J.: 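Dropping a structure here in structure tokens format, bear with me for questions.
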Amino acid sequence: MGLRDRILGLPLMVAVVLTLLWRGVPSVRELCRLLNREDRLWCQAVEVSQQALSKRFLEFPASVFERVMMDLMPQLQQQWLSRKKRPLPASIKFTKTKFQGIWVVDGSTLEAISVNLRVYKKKSRACY
């Protein structure tokens with residue numbers, strides 16, 4: 001078993017595929033960048049090359065993913081149904097009475113980027 005096979009094993013590859021689907025990652029290059037920088041689901045960030053990831057996708061048996069996904073789907077569906085039954089926050093209930101349809105967006109990632117940029121600007125000003 002090669003190093004690529006050990007690093008990019010089943011648990012990490014399943015997390016990678018779920019991340020790819022859930023976040024709509026557009027390319028292997030972007031996915032590789034995410035793998036190198038961010039923790040995902042149950043896996044920590046791991047440094048891997050784009051070539052290694054591409055090759056692993058080509059070598060990894062689709063039947064393994066299929067079995068894992070078939071085992072996971074009932075649990076994911078159950079979680080989705082329980083999420084749909086949660087009570088809505090008061091602000092959303094109120095807004096739904098005023099509009100035919102609303103969109104709710106989570107801006108936490110954008111807020112984190114904004115905070116990091118403000119910190120970076122303060123640091124860069126201090127250097128001058």
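Just so you know, these numbers come straight off a predicted model, no measurement behind them.
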J.: For residues M73 and V16: do they belong to one hydrophobic cluster (side chain heavy atoms under 4.5 Å, members Ile, Leu, Val, Met, Phe, Trp, Tyr)?
T.: yes

J.: So, do K96 and L88 sit near enough that their side-chain heavy atoms are less than 4.5 Å apart?
T.: yes

J.: Could you state the interatomic distance from CE (M69) to CG (L21), rounded to the nearest 0.5 Å?
T.: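 If I round to the nearest 0.5 Å, the distance is 6.5 Å.
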
J.: Between V64 and M70, is there a shared hydrophobic cluster once you connect ILVMFWY residues whose side-chain heavy atoms come closer than 4.5 Å?
T.: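 No, V64 does not connect to M70 through the hydrophobic network.
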
J.: Taking C-beta and beyond as the side chain, do F57 and L31 meet within less than 4.5 Å on heavy atoms?
T.: yes

J.: So, for S49 and C32, which heavy atoms are closest and what is the spacing to 0.1 Å?
T.: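 It is C-SG, 3.5 Å.
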
J.: Please report the shortest heavy-atom distance between S82 and Q79, naming the atom on each side.
T.: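 S82 and Q79 have their closest heavy atoms at OG-O, 2.8 Å.
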
J.: If you measure from CD on E47 to CZ on R37, what distance do you get to the nearest 0.5 Å?
T.: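 Reported value, rounded in 0.5 Å steps: 11.0 Å.
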
J.: How far does CG of L53 sit from CE of M13, to the nearest 0.5 angstrom?
T.: 6.0 Å

J.: Mind checking whether L58 and L20 sit in one hydrophobic cluster, side chains of I, L, V, M, F, W, Y counted as touching below 4.5 Å?
T.: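 L58 and L20: separate clusters.
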
J.: Would you call N36 and V46 a side-chain contact if the rule is heavy atoms closer than 4.5 Å?
T.: no

J.: Over all heavy atoms of both residues, which pair between V25 and T19 is shortest? Give the atoms and the distance, please.
T.: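 Answer, listing the atom of V25 first, then T19: CG2-O, 4.0 Å.
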
J.: So L72 and L18, do their side chains get closer than 4.5 Å, heavy atoms only?
T.: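 Result yes, sub-4.5 Å side-chain heavy-atom pair found.
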
J.: Step through the shown structure and confirm whether more than 12 heavy atoms of other residues, nucleotides or ligands are within 6.0 Å of CZ on R29.
T.: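 No, the 6.0 Å shell around CZ holds no more than 12 heavy atoms from other groups.
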
